[in-house]
Amino acid sequence: MRKISIFMLLIAVAVAIAAEATDAPNAVSDQLAELRLIFQDSLDKIDVAFLDSVDKCRDSYALSLKHAEDTATKQGDLEGVVQIRKEKTRFQEDRAVDDEVAPGTHPLIKQSIGAYLRSLENADSARAQQVAGLAIKYIQRLESMKKSLTMDKRIDDALTVSAEIKRAKADPVISQGLKLKPAGPGACPGCAGEKVIRNECPDCKGTGACSYCEGTGKRPGLGGEKVPCFGCTGGRKCKKCDGEGQTSQTCSRCKGKGKVR
């Protein structure tokens, strides 16, 4: 499947928007509906490209396991060969890789898992950058519409667009995209030069609230009495992300430098 370029997507969006903007008979609500369709179509293409990248990561993992088995065989490591073959069979059945390496995992399998997770992280970062560019372009276009309508004294239409901007910014995909700083010239495309990768906290699902007590700080105790939550000790915040809703880790693509050669 051909990889989708974010620049091609943005150009397509800009062209389509320019075309519909000149269509005076259309009501503003119709124009907004068309813009939503354009945005969603571009987002779908990004997702398709991402899934294609994930498949390639899995194919690379399978190939890495094959090389690992060859290496273990040449080293005369019978136990290693048996364990690697077992992992190959398991992977062929479910095509999934756990991001937590189990104790006792053979070093060659650990290397394969590490390489897989790094490539998957890069694919996810690339997708995030594409979505960020698309989200920014979408909101910029809406802001431009609102300004033009206001200058034309079409206040009711401008208020309609303003409401759409609020709705769009509340959308999880767009909201997350707007938080991500697009990569500048020379910046690492994996982290946009920020040196770290930020992801939604897996424990609180981005809410920042303790997942055990749902942010109330209390849990039912003996006799039904409320006692401080053992997970957050009554503090209400998620311990894993300290209430921020996001976790961060050093970008593996640039190794925390923020730039690529």
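More than 12 heavy atoms of other residues, nucleotides or ligands lie within 6.0 Å of CZ in R90, so this atom counts as buried by the packing criterion. Within a 6.0 Å radius of NZ in K240, no more than 12 heavy atoms belonging to other residues, nucleotides or ligands are found.
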Could you please spell out the steps behind the side-chain contact (heavy atoms from CB on, under 4.5 Å) verdict for V97 and R58? CA-CA 9 Å; V97 181; R58 289 170 176 161; over 6 Å; no
Stepwise salt bridge (Lys or Arg N to Asp or Glu O under 4.0 Å) test for D41 and K45: CA-CA 6 Å; D41 181 63; K45 290 176 180 176; 3.4 Å; yes
K146 and S162: side-chain contact (heavy atoms from CB on, under 4.5 Å), yes or no, with the steps? CA-CA 7 Å; K146 183 180 72 172; S162 180; 3.9 Å; yes
Start with the C-alpha gap between R236 and T216, add the side-chain angles, then the distance that decides, and say whether side-chain contact (heavy atoms from CB on, under 4.5 Å) holds. CA-CA 6 Å; R236 301 187 179 187; T216 63; 5.8 Å; no
Stepwise salt bridge (Lys or Arg N to Asp or Glu O under 4.0 Å) check, D124 with R127: CA-CA 5 Å; D124 188 58; R127 178 192 177 279; 5.5 Å; no
Decide salt bridge (Lys or Arg N to Asp or Glu O under 4.0 Å) for E164 and R36; before the verdict, give the C-alpha distance in whole Å, the side-chain angles of both, and the deciding distance to 0.1 Å. CA-CA 10 Å; E164 173 63 14; R36 290 191 208 106; 3.0 Å; yes
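Side-chain contact between V81 and R85 is present, with at least one heavy-atom pair separated by less than 4.5 Å. In this structure, K137 and R141 have side chains that are not in contact, with every pair of non-hydrogen atoms separated by 4.5 Å or more. Proximity of Q75 to T71: side-chain heavy atoms (C-beta onward) are separated by under 4.5 Å at one or more points. L35 has its side chain within reach of M145: a pair of non-hydrogen atoms, C-beta onward, lies under 4.5 Å apart. With a 4.5 Å cut-off on side-chain heavy atoms, L108 and H67 do not count as touching. Contact check for L142 versus L32: side-chain heavy atoms found under the 4.5 Å cut-off. Side-chain contact between Q83 and T105 is present, with heavy atoms from C-beta onward closer than 4.5 Å. Within the 4.5 Å cutoff, the side chain of D52 has heavy atoms near those of the K56 side chain.
A distance of 11.0 Å separates OG1 in T160 from CD1 in I155, rounded to the nearest 0.5 Å. Taking CG of D47 as the reference point, atom OG of S42 lies at 11.0 Å (rounded to 0.5 Å). Taking CG from D171 and CD1 from I139, the interatomic distance works out to 9.0 Å, rounded to the nearest 0.5 Å. Distance check: I38 CD1 to Q40 CD gives 12.0 Å after rounding to the nearest 0.5 Å. From I165, atom CD1 reaches atom OH of Y138 across 9.5 Å, with rounding to the nearest 0.5 Å. Within the model, atoms CD of Q140 and CD1 of I136 stand 6.5 Å from one another, a figure rounded to the nearest 0.5 Å.
Minimum interatomic distance between A72 and G80 (heavy atoms only, all atoms of both residues): CB-C, 4.3 Å. The heavy-atom pair separating F91 from A62 by the smallest distance is CE2-CB, 3.9 Å. Here the closest non-hydrogen pair linking D98 and I113 is O-CG2, 4.0 Å. In plain terms, the two heavy atoms of A168 and I174 that are nearest each other are O-CB, 3.3 Å.
Using a 4.5 Å cut-off between side-chain heavy atoms of Ile, Leu, Val, Met, Phe, Trp and Tyr, with links allowed through other members, Y61 and L63 fall into different hydrophobic clusters. Put simply, V54 and I46 are part of two different groups of oily side chains (I, L, V, M, F, W, Y) that touch within less than 4.5 Å, one to the next. No path of Ile, Leu, Val, Met, Phe, Trp and Tyr side chains, each step under 4.5 Å between heavy atoms, connects L43 with L37, placing them in separate hydrophobic clusters. Transitive grouping of hydrophobic side chains (ILVMFWY, heavy atoms separated by less than 4.5 Å) keeps F50 and V131 in distinct clusters.
The side-chain contact (heavy atoms from CB on, under 4.5 Å) test with Y116 singles out one residue from S60, S64, C57, and that residue is C57.
Looking at E121 and R118, no side-chain N of the basic residue comes within less than 4.0 Å of a carboxylate O on the acidic one, giving no salt bridge. For the pair D59 and R95, the salt-bridge criterion is met [side-chain N within less than 4.0 Å of a carboxylate O].
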